[in-house]
Amino acid sequence: MKEVRVRFAPSPTGALHIGGIRTALYNYLLARQQGGTMILRIEDTDQNRFVPGAEEYILESLQWAGIEIDEGVSKGGPHAPYRQSERKPLYQKYAQQLIAEGNAYYAFDTEAELEAMRERLKHQHSSDQQYGSGTRMQMKNSLTLSASEVSQKINAGEQYVIRLKVPANEEIKLNDLIRGEVQVNSSTIDDKVLMKSDGMPTYHLANVVDDYLMKISHVIRGEEWLPSAPLHVLLYRSFGWEKEMPRFAHLPLLLKADGNGKLSKRDADKAGFPIFPLNWTDPRTNEFSKGFRESGYLPEALLNFLAFLGWNPGTEQEIFSVKELIHSFSLERIARHGAKFDIQKAQWYNQQYLKSKTSEELTKYLLSSLAQENISCMPEKALKICDAMRERVSFPQDFWEHGKFFFIAPSVFDQSVTSKKWNSEVVKFLDQFISHLKTIETTAANEIKIALEKTSHTTSISSGKMMQPLRIALTGGASGPDLMAIIDILGKEETIQRIQYAITSIPVKTT
RNA sequence: GGUCCGUUCGUCUAGGGGUUAGGACAUCAGAUUUUCAUUCUGGUAACACGGGUUCGAUUCCCGUACGGACUACCA
């Protein structure tokens, strides 16, 4: 079997869409599994859509996700350059070859003329409304013009494009690794522009030429390319590269979670989840978008989630490390239908990956949040906090978000609880509890429990009922980690102070 | 409009001519717990429709419907 060489080929027109990460991932998994090569090629043949910073963004996103590039932009390699704009002369050469062999031709039609053609065909209710075998002889091109007219126009600097001469009525077959055989009649394919009037190639030409030159073995890309795949087959044939033609695998699209259609930034914004891997500010509009990274998604969790959007191993295992993904992945097991993007599952994956970390690892997250808040904390204390909270976090920032009370004494108390439960009994109990607390040596759980029992005994109030008010006094909220652990972490003095403050500031419910 | 692709619980999906149609997320209920969460147990919930083929079809074929992609000198 041929050496596996795959490429991820985004264009730098903005932030990389999360679907792009999945495409890159599938390419990467195949490359790694087969001991092949992962190539990054930048498809920047549209100068109008170039966005500054987009290429760097792509690079950083892949790096964050852990998708390593073996060859390509930022990395170099035997087929450099890997930026299509830097390969410009190459495409010109191949386009000329096509013309010389009669497989392509010059076209001089203006935009207005093209528009007029489409209008005309539309009015005739022609099923064939394209620049192709049925219409090309009515247009202004090197097929209808004499050779001298053509060279005269070119020498005069008139704008032209180069179009592929698509044969009429031929069945073009394509064996897609995911969809099986796809057959299209060549008459439904138009004479696609190969070289634009600015001298740049279109995607179609650049993509085929580069995949050939870079010895790509598998083209793994989104389903939006499926309709033009037969055209690409035709190009390989025109070049005489059929034997070297890569295998195709067209991936199902990522769809929006509710309703129908392709997942878009708008939908993600509306539902309040990211769609880009990293934070991104569009330089044209200054619009800011939050990334998965900054939202607290772990790259390995995101990759696991993404891998399962359209692929599954056929077993009931759901948690796969990248290593396991590499081992189990296969193009044959990729689904044919689009997958709705369900952020809840992504959150679940994140939680699973977070929970699998050691408390020491988790401590780093808390410490970094604290650093941002300018709060200092001994590592031992941070460790205790993370230990107490690890079962109830989904994101790294949750340690701080849900654990602020460890550092900041509550000033407001959850009224839905205090209004119902904060009665004179509570005050009596907590008051007594303080005295008993003062007598204990340490704040170890068993000692606190003893203090609690003593309080219960001297007040004749069951301690069970008092736990919720105690929690309110210490944290301000009605839920959170184990109370004994909280008291232990807070320490005796702080605990007493907080209870005292609660007693003086929470209004007592009468009867 | 044309071309192409698709359709199993709300979602991601397994399965495949005869199954109680399996799992996971979400959801609901119960258990555990000082609360929440975790964990455990259980529940609700799906083969788009119509024709064939067949003893039998969710599975194969054909239609229809619905959805999607493409239809640029964008990728």
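Reminder, nothing fancy here: chain letters follow the sequence lines and each chain counts from 1.
Both A/Glu316 and A/Ala485 lie near RNA chain B, and the one whose nearest nucleotide falls closer to the 5' end is A/Glu316. Residues A/Gln84 and A/Gln344 each lie close to RNA chain B; by heavy-atom proximity, the contact nearer the 5' end of the strand is made by A/Gln344.
Here, B/C36 and B/G43 have their P atoms 24 Å apart, quoted to the whole Å. Rounded to whole Å, the separation between the P atoms of B/C28 and B/G22 comes to 22 Å. Using atom P as the reference point in both B/C74 and B/C70, the two lie 16 Å apart (nearest Å). Using P as the reference atom, B/C66 and B/U41 are 44 Å apart when rounded to the nearest Å. If you take atom P in B/U44 and the same atom in B/G23, they sit 12 Å apart, rounded to whole Å. Comparing the C1' positions of B/U38 and B/U32 gives an interatomic distance of 11 Å, to the nearest angstrom. Here the separation of B/G15 from B/C47, taken at their C1' atoms, is 11 Å to the nearest Å. When the C1' atom is compared between B/A57 and B/U53, the two are found 10 Å apart, to the nearest whole Å.
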Practice task
With side chain to side chain donor-acceptor pair (under 3.5 Å) as the test, would you mind laying out the steps for A/Asn185 and A/Glu171 before giving the verdict?
Solution key: CA-CA 5 Å; A/Asn185 189 291; A/Glu171 292 303 325; 3.0 Å; yes

Handout entry: side chain to side chain contact (heavy atoms under 4.5 Å, CB included) between A/Leu205 and A/Lys192, intermediate numbers included
Key = CA-CA 9 Å; A/Leu205 209 225; A/Lys192 278 271 176 325; over 6 Å; no

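Of the candidate nucleotides B/U11, B/A75, B/G23, B/U11 has the atom lying nearest to any side-chain atom of A/Lys340. In the set B/A75, B/U3, B/C5, the nucleotide with an atom closest to the side chain of A/Val182 is B/C5. You'll find that the side chain of A/Glu224 is closest to B/C70, out of B/U13, B/C70, B/G68. Closest to the side chain of A/Leu226, from the set B/A72, B/C4, B/C12, is B/C4. With B/C73, B/C25, B/A75 as the candidates, the nucleotide lying closest to the side chain of A/Lys345 is B/C25. In the set B/C5, B/A75, B/C73, B/A75 carries the atom at the smallest distance from any side-chain atom of A/His204. Side-chain proximity of A/Tyr203 to B/C73, B/A75, B/A69: nearest is B/A75. Checked against B/U13, B/A75, B/C5, the side chain of A/Arg179 finds its nearest nucleotide in B/C5. Taking the side chain of A/Glu318 as heavy atoms from C-beta on, and the options B/A24, B/C25, B/U35, the nearest nucleotide is B/A24.
For the pair A/Lys256 NZ and B/A69 P, the interatomic distance rounds to 9 Å; values are reported in whole Å. Note: CD (A/Glu115) to C1' (B/A72) measures 11 Å, nearest angstrom. Distance, A/Phe273 CZ to B/C25 P: 19 Å, rounded to whole Å. Remark: C1' of B/C5 and NE2 of A/His337 are 13 Å apart, rounded to the nearest angstrom. Residue A/Tyr349 contributes atom OH, which lies 11 Å from atom P of B/U13 at whole-angstrom precision. If you take CD of A/Glu223 and P of B/U7, they are 10 Å apart, rounded to a whole angstrom. B/G2 atom P lies 14 Å from atom CD of A/Gln130, rounded to whole Å. The separation between A/Arg336 atom CZ and B/U8 atom C1' is 13 Å, rounded to whole Å.
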Problem - Reading 5' to 3' through nucleotides 36-50 of chain B, protein heavy-atom contacts under 4.0 Å coded B for base, S for sugar-phosphate only, - for none - result: BBSS-----------

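The aromatic rings of A/His204 and A/His232 lie tilted to each other, with the angle between the two planes from 30° to 60°. Note on ring orientation: taking the six-membered ring where Trp is involved, the planes of A/Phe308 and A/Tyr349 are tilted (angle from 30° to 60°).
Side chain of A/Asn350 to backbone of A/Leu298: a donor-acceptor contact under 3.5 angstrom is found.
Within the nucleic acid shown, A/Gly477 has no heavy atom closer than 4.0 Å to any nucleic acid atom. Using a 4.0 Å heavy-atom criterion, one finds that A/Arg163 contacts the sugar-phosphate atoms exclusively. Nucleic acid contact class of A/Asp191 (heavy atoms, under 4.0 Å, all strands): none. Contacts of A/Ser11 with the nucleic acid, taken as non-hydrogen atoms under 4.0 Å apart, involve only primed sugar atoms and P, OP1 or OP2. Nucleic acid contact for A/Arg221: none, since no nucleic acid atom lies under 4.0 Å from a heavy atom of the residue.
Under 4.0 angstrom from either OP1 or OP2 of B/C74 there lies at least one side-chain N or O belonging to A/Lys196. Between A/Asn312 and B/U13 there is no side-chain polar atom (N or O) within less than 4.0 angstrom of OP1 or OP2. Distances shown here put every side-chain N or O of A/Arg22 at or beyond 4.0 Å from the OP1 or OP2 atom of B/C12. Contact annotation: A/Thr45 reaches the phosphate of B/A75 (side-chain N/O to OP1 or OP2, under 4.0 Å).
If you look at A/Trp311 and A/Tyr26, their ring centroids are not closer than 6.0 Å. Between A/Phe395 and A/Tyr365, the gap from one ring centroid to the other reaches at least 6.0 Å. Between A/Phe305 and A/Tyr297, the ring center distance fails the sub-6.0 Å criterion.
Nucleotide B/C40 forms a pair with B/G30, judged by Watson-Crick or G-U wobble geometry with both contacts under 3.5 Å. Nucleotide B/C70 forms a pair with B/G2, judged by Watson-Crick or G-U wobble geometry with both contacts under 3.5 Å. Figure legend. B/U7 is base-paired to B/A65; pairs are counted as Watson-Crick or G-U wobble with both atom distances under 3.5 Å. Nucleotide B/A14 has no partner under the Watson-Crick or G-U criteria, as no pair reaches both atom distances under 3.5 Å. The partner of B/A21, taking Watson-Crick or G-U wobble pairs whose two distances both stay under 3.5 Å, does not exist in any strand shown.
Looking at A/Arg41, A/Arg221, A/Arg247 one by one, the single match for salt bridge (charged side-chain N to carboxylate O under 4.0 Å, His left out) with A/Asp211 turns out to be A/Arg41.
Ion pairing between A/Lys465 and A/Glu425 fails under the 4.0 Å rule for side-chain N and carboxylate O.
Side-chain atoms of A/Lys262 stay outside donor-acceptor range of the base of B/A69, with no qualifying N/O pair under 3.5 Å.
For A/Trp225, the ring-ring contact (aromatic ring centres under 6.0 Å, His included) test picks out A/Tyr203, with sequence neighbours left out.
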